[in-house]
There are 2 protein chains.
Amino acid sequence: MALLTSAPKAFIQQQNLVDQVADYLTQAIIQQQFLPGERLSEVQLSRDLGVSRAPVREAARLLESRGLLVSKPRRGFFVRALNAVELDDVFDLRLCLERHAIQRLAERYTPEAQRALNQQVEVLCEAAAGNDGTRRIEEDLQFHRLMLHYAGNERLLLAFDNLTHELRLCITLITKTHEAPETIATSHFQLLEALNSGSPEACREAIDYHIGVARDFVVKGVGETGE
Amino acid sequence: MALLTSAPKAFIQQQNLVDQVADYLTQAIIQQQFLPGERLSEVQLSRDLGVSRAPVREAARLLESRGLLVSKPRRGFFVRALNAVELDDVFDLRLCLERHAIQRLAERYTPEAQRALNQQVEVLCEAAAGNDGTRRIEEDLQFHRLMLHYAGNERLLLAFDNLTHELRLCITLITKTHEAPETIATSHFQLLEALNSGSPEACREAIDYHIGVARDFVVKGVGETGE
DNA sequence: CGATTGCCGACTGTCGACAGTTTTTTGAAG
DNA sequence: CTTCAAAAAACTGTCGACAGTCGGCAATCG
């Protein structure tokens, strides 16, 4: 109801307020409407969103489990502020997950998976040519989600999704450091080629390079701007 | 830091009901006081624990994020029931994380880490000789937590801790399938030897064997008893 | 003038209650 | 005896309210 503020998804009326509040908070945090380290007042959020504090609290706990918020007892919830070390750890874990996934995927590279990944790279290239930085990131992540999905371990995908929430914390930083569209394209084509070759070594090399580039971009960006 | 020091919090009594309820529920689920798939009534839990429903709900959401409960809208919370496929995925992810960790650890194997791991293996052997199956599992997991900790990526450790919650879901199953104390001892000594050798290949081989054994035990156990 | 202590406002943690929905029970018809 | 429907019970989602606690500010003391 009162959630129409910045939500383009307001068309799909979700039934439970908790998810609605969680979505709103997630978007607001990603769009830097709440700055890292900022405190979120339950009462103020309740007033602004026109709901009671119970759904706000439960949504905040959900976001805490996703690493977007941190709670201090008797103090409330704060927007998580990632430092350079933590962000580096996130990329290291991402490398860990995707290395494993691409190996598993190479073992069972079905035509269906091949088709889906090729199509997603096309979508990604299209997005990379446009101006919407957020969409580019999302299509990029979606490609990797598909890789993990077709790797055949849903628990692995869940772990990756948890990571992406933290990546989105500094999405503005990522969109700022513009990667050239052709770079993005070739970088993903390399992954497809490695998968087509069926060589585990080639796959590992490709994913190491791919994630290494992304990490350098973001970690360097964090080192420059904010601690 | 919080890895070894559980003492400083002992002075401060836990005051918030949410964590208390969460701990109670976790223990109750692990000890099979609530069976897998069973529905948890908020009102009944509130009455039993002498608290209102708000802390119960928030604790349940916490356990949901840990994979111990699943929620169905307008239906309530249910104890998570892991099937054989999901459990296999959990062990596959565990292999993924520990492979990565032991490689990182081999690169930076400090005397401090060596000392801590050796000591923990001693503690584990002592526990393995005793009759407390739960303690044996916990000391075993603690050894692996130490490995991940000294690997130098706290986010990796967090991902592992999330997994262990799911492992504890079938802890009674694990304790039932008795592993011989000497098997446990040698299995962990192999890991220490591989780390001492400094060879990445030896480390990978050791961790693959180690987790493979554990997975065979548990997955086979699940395949036999309940789907 | 600086440090300390007590007070005030705001906020979190928790509670009981109400409304809508799901599940169970009940009762009648076939 | 079975089947189906309607009422009843129980439960979840949500709300407003109260109490204890924390941070900030001012007054007091050294």
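The sequence lines fix the lettering, A, B, ..., with proteins before strands; numbering per chain opens at 1. Values below: every heavy atom of this structure, side chains too, minus hydrogens, waters and symmetry copies.
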Quick one: which residue pairs count as a ring-ring contact (aromatic ring centres under 6.0 Å, His included) with a foot in residues 131-150 of chain A, not counting sequence neighbours? A:F143-A:H188, A:H144-A:H188, A:H144-A:H210
Can you tell if the side chain of B:V123 reaches within under 4.5 Å of the side chain of B:R135, non-hydrogen atoms only? yes
Without decimals, in angstroms, what is the distance between [X] [atom1] and [N] [atom2]?
X	N	atom1	atom2	value
B:D19	C:dG13	CG	P	10 Å
B:F77	D:dC11	CZ	C1'	13 Å
B:L62	C:dG13	CG	P	13 Å
A:F78	D:dC22	CZ	P	13 Å

Residues which pass side-chain contact (heavy atoms from CB on, under 4.5 Å) with B:A22, listed by chain and number, not counting sequence neighbours: B:A59, B:L62, B:L63
Residue pairs involving residues 108-121 of chain A (criterion salt bridge (charged side-chain N to carboxylate O under 4.0 Å, His left out); sequence neighbours excluded): none
Only pairs at least two apart or in different chains count here, so list each side-chain hydrogen bond (donor to acceptor under 3.5 Å, both in side chains) that has a residue in residues 119-130 of chain A. A:Q120-A:E139
side-chain hydrogen bond (donor to acceptor under 3.5 Å, both in side chains) contacts in which one or both residues fall within residues 162-173 of chain B, not counting sequence neighbours: A:R155-B:E166, B:Q32-B:T172, B:R80-B:E166, B:E138-B:R168, B:T164-B:R168
Nearest listed nucleotide, side chain of B:L17, among D:dT14, C:dT12, C:dC15: C:dC15
I want to check one thing: is the phosphate of C:dG13, taken as OP1 and OP2, less than 4.0 Å away from some side-chain N or O of A:R74? no
Strand-adjacent residues in residues 42-60 of chain B, judged by heavy atoms under 4.0 Å from DNA chain D: B:E42, B:V43, B:R53, B:R57
